[in-house]
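Computed from heavy atoms alone, side chains included, the values below leave out hydrogens, waters and symmetry copies.
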Amino acid sequence: MWSGRQSRLRPVGCVVEELRCRRREREAALRKARREQQLISKRLLRDDVLVEAEGGCVAMILGEAEIQQFLQLAQRGTEEKERERALVSLRRGLQHPETQRTFIWLEGSMRTLVGLLTSNQALLQLEAARCLHELSHSEQSAVAEACLPATSYLLTYLSGHSSDFIELCLYTLGNLIVESEAVRRQLLPQGIVPALAACIQSPHLTVLEALGYALSQLLQAKEAPEMIVPSVLGSTLPQNILRLLQPGPKLNLGVAVEFAWCLHYIICSQVNNALLISHGGLSTLAMLLLDVAGAVQRTEDAGLELLACPVLRCLSNLLTEAAVEVMGGPNQLEDERVVVALFILLQFFLQKQPSLLPEGLWLLNNLTANSPCFCTSLLSMDLIEPLLQLLPVSNVVSVLAVEAFLQQSGLQVLEKHQEEAQLQERVHALQQTALHR
């Protein structure tokens, strides 16, 4: 995720550089572990009304005979309610890994379930989709691959009219995508990217959030830079993702979080970041950062850091693109309010989420590396002292804070504000502080 980071510092001493080298490998491993734990996770969508209604029923592990009985009732029952109840019982049993394993190895079971999924009775179709959703949540890759016969139908139903059913199909596809390369290989030629691009026009927030989840799972695949991202960039998805990240009364936190991570994965693939910049990616992200900074001043909402993290990473990576330096004009990020917003977020992270401080400082480094304007802002707004206050937090934060200070001190703007002797003395003190943390 931090692959876009580039160091633009001049050599200023071996102490800081040695500390950076010692920490680099360990921090990369920690970031990878945190990413895998928090982001590559499956979603389980269960209707609250259904859960409450079934609260008094204990979901039992089902054997082969019971699975066959429920499938036969669902397929050949004389009454629709009886058929629906049979699928409900099967769905509840499929919450257990043991039942999932038994189900996928039982001959004809998936064929029967897919047949019910494609039936012309809406209630049976919905319950069959819920059964598939339970299977998609399995941690066993064999279960995901057993669901392959259903994926083309799930993809087709994304163009349906029921927002609830579309949402269920999206979460199920997202769960299957992350678990199985075979599923991804089947879905790509079947047109999953155009199908997702069509879904992004939905007026329903629940559908958009589910879409963001499914797309983010697809973009995290190891083959994404070669097989997936080019198709995504060639569709209308990038423009619409940026549209959904525009600050304003219509901005939804859940939707924004999902699509901010989608944008992050696209940027990290480095397939064509110049295209995102040309679509106004920098200005959109900058305005969103201002909006998040304003929100943390107004509310204690713990979910804001979930949005701040990918936004900071997207901005940091885009700023390292060579295209930003040569394009200039409206594509250049020079809004001084970004620096103020960033320091508001740094204070918020210091109090609520210290683990995100490196994300903010990394962005500050990239901002000051490219723009004398931002370096001047640090001085004119008296932001050096708040920056120095971050030194005691951790070794990593200390090093990044030193980098940010040295980044701006390396430019000529400091000549207007302090003597050379004062600068050298301060840099030496910072290096000693970083060494002893």
Side-chain angles (χ1 to χ4, degrees), residues 42-158 160 162 164-180 182-183 210 214:
K42 294 187 175 185
R43 305 288 173 86
L44 186 59
L45 187 67
R46 286 180 181 157
D47 193 303
D48 291 338
V49 176
L50 288 176
V51 172
E52 184 177 348
E54 299 168 6
C57 303
V58 179
M60 302 295 291
I61 298 174
L62 303 179
E64 287 188 13
E66 293 162 307
I67 292 173
Q68 286 178 328
Q69 179 186 6
F70 288 136
L71 286 174
Q72 288 173 0
L73 281 172
Q75 192 177 31
R76 302 169 187 164
T78 56
E79 296 181 3
E80 186 175 350
K81 281 293 182 183
E82 180 185 28
R83 300 173 69 185
E84 184 186 350
R85 283 195 297 267
L87 278 178
V88 169
S89 299
L90 177 61
R91 169 174 57 81
R92 290 173 50 236
L94 288 172
Q95 295 172 16
H96 293 281
E98 295 90 340
T99 305
Q100 293 170 356
R101 285 192 295 269
T102 304
F103 181 87
I104 64 171
W105 292 116
L106 185 60
E107 185 177 358
S109 60
M110 185 59 69
R111 184 171 59 252
T112 302
L113 188 59
V114 171
L116 292 164
L117 177 69
T118 58
S119 71
N120 57 5
Q121 298 186 42
L123 290 177
L124 292 180
Q125 193 178 45
L126 179 60
E127 281 303 330
R130 286 171 175 160
C131 288
L132 283 166
H133 184 65
E134 292 291 346
L135 288 168
S136 76
H137 198 253
S138 172
E139 298 300 326
Q140 307 166 71
S141 58
V143 175
E145 293 185 11
C147 294
L148 273 171
T151 56
S152 60
Y153 298 105
L154 293 171
L155 199 58
T156 300
Y157 293 143
L158 296 184
S162 168
D164 290 340
F165 196 57
I166 294 172
E167 179 191 11
L168 181 61
C169 291
L170 283 167
Y171 278 119
T172 303
L173 284 168
N175 289 344
L176 294 173
I177 285 167
V178 75
E179 189 64 43
S180 171
V183 171

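- To the nearest 0.5 angstrom, Met110 atom CE is 10.0 Å from Thr112 atom OG1.
- Taken from CG in Leu126 to CG in Leu87, the straight-line distance is 10.0 Å, to the nearest 0.5 Å.
- Interatomic distance, CZ of Arg101 versus CD of Gln140, reported as 5.0 Å (0.5 Å rounding).
- No side-chain donor-acceptor contact under 3.5 Å links Thr102 to the backbone of Glu64.
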side-chain contact (heavy atoms from CB on, under 4.5 Å) between Glu134 and Leu44, intermediate numbers included: CA-CA 7 Å; Glu134 292 291 346; Leu44 186 59; 3.9 Å; yes
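- Of all non-hydrogen atoms in Leu117 and Tyr157, the two that sit nearest each other are O-OH, 3.2 Å.
- Taken to the nearest 0.5 Å, the OG atom of Ser89 stands 9.0 Å off from the CG atom of Leu73.
- No donor-acceptor distance shorter than 3.5 angstrom exists from the side chain of Thr151 to the backbone of Cys147, with no hydrogens or angles considered.
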Worked check of side-chain contact (heavy atoms from CB on, under 4.5 Å) between Arg130 and Val88: CA-CA 9 Å; Arg130 286 171 175 160; Val88 169; over 6 Å; no
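- With respect to Glu127, the salt bridge (charged side-chain N to carboxylate O under 4.0 Å, His left out) criterion is satisfied by exactly one of Arg92, Arg91, Arg83: Arg91.
- For Gln125 (side chain) and Thr118 (main-chain N/O), no donor-acceptor pair under 3.5 Å exists by modelled atom type.
- With Ser109 contributing its side chain and Phe103 its backbone, the two residues share a donor-acceptor pair below 3.5 Å.
- Counting only distance, with no hydrogens or angles, the side chain of Thr99 and the backbone of Gly93 share a donor-acceptor pair below 3.5 Å.
- A pairwise comparison of heavy atoms in Leu176 and Leu154 identifies CD1-CD1, 4.4 Å as the closest pair.
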Check against salt bridge (Lys or Arg N to Asp or Glu O under 4.0 Å), Glu82 and Arg85: CA-CA 5 Å; Glu82 180 185 28; Arg85 283 195 297 267; over 6 Å; no
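- Here the side chain of Glu66 pairs a donor or acceptor atom with the backbone of Gly63 at under 3.5 angstrom.
- The minimum heavy-atom distance between Ser152 and Pro149, with the atom names listed, is OG-O, 4.1 Å.
- Checked by atom type and distance alone, the side chain of Thr172 pairs as donor or acceptor with a backbone atom of Leu168 at under 3.5 Å.
- Annotation for Val143 and Leu135: closest pair CG1-O, 3.3 Å, computed over non-hydrogen atoms.
- The structure places CG of Leu116 at 8.5 Å from SG of Cys131, a figure rounded to the nearest 0.5 Å.
- The minimum heavy-atom distance between Glu179 and Ala144, with the atom names listed, is CG-CB, 3.7 Å.
- Taking CG from Leu170 and CD1 from Ile177, the interatomic distance works out to 9.0 Å, rounded to the nearest 0.5 Å.
- Within 6.0 Å of OH in Tyr153 there are 12 or fewer heavy atoms belonging to other residues, nucleotides or ligands.
- The two atoms that bring Cys169 and Leu158 nearest to each other are CB-CD2, 3.8 Å, heavy atoms only.
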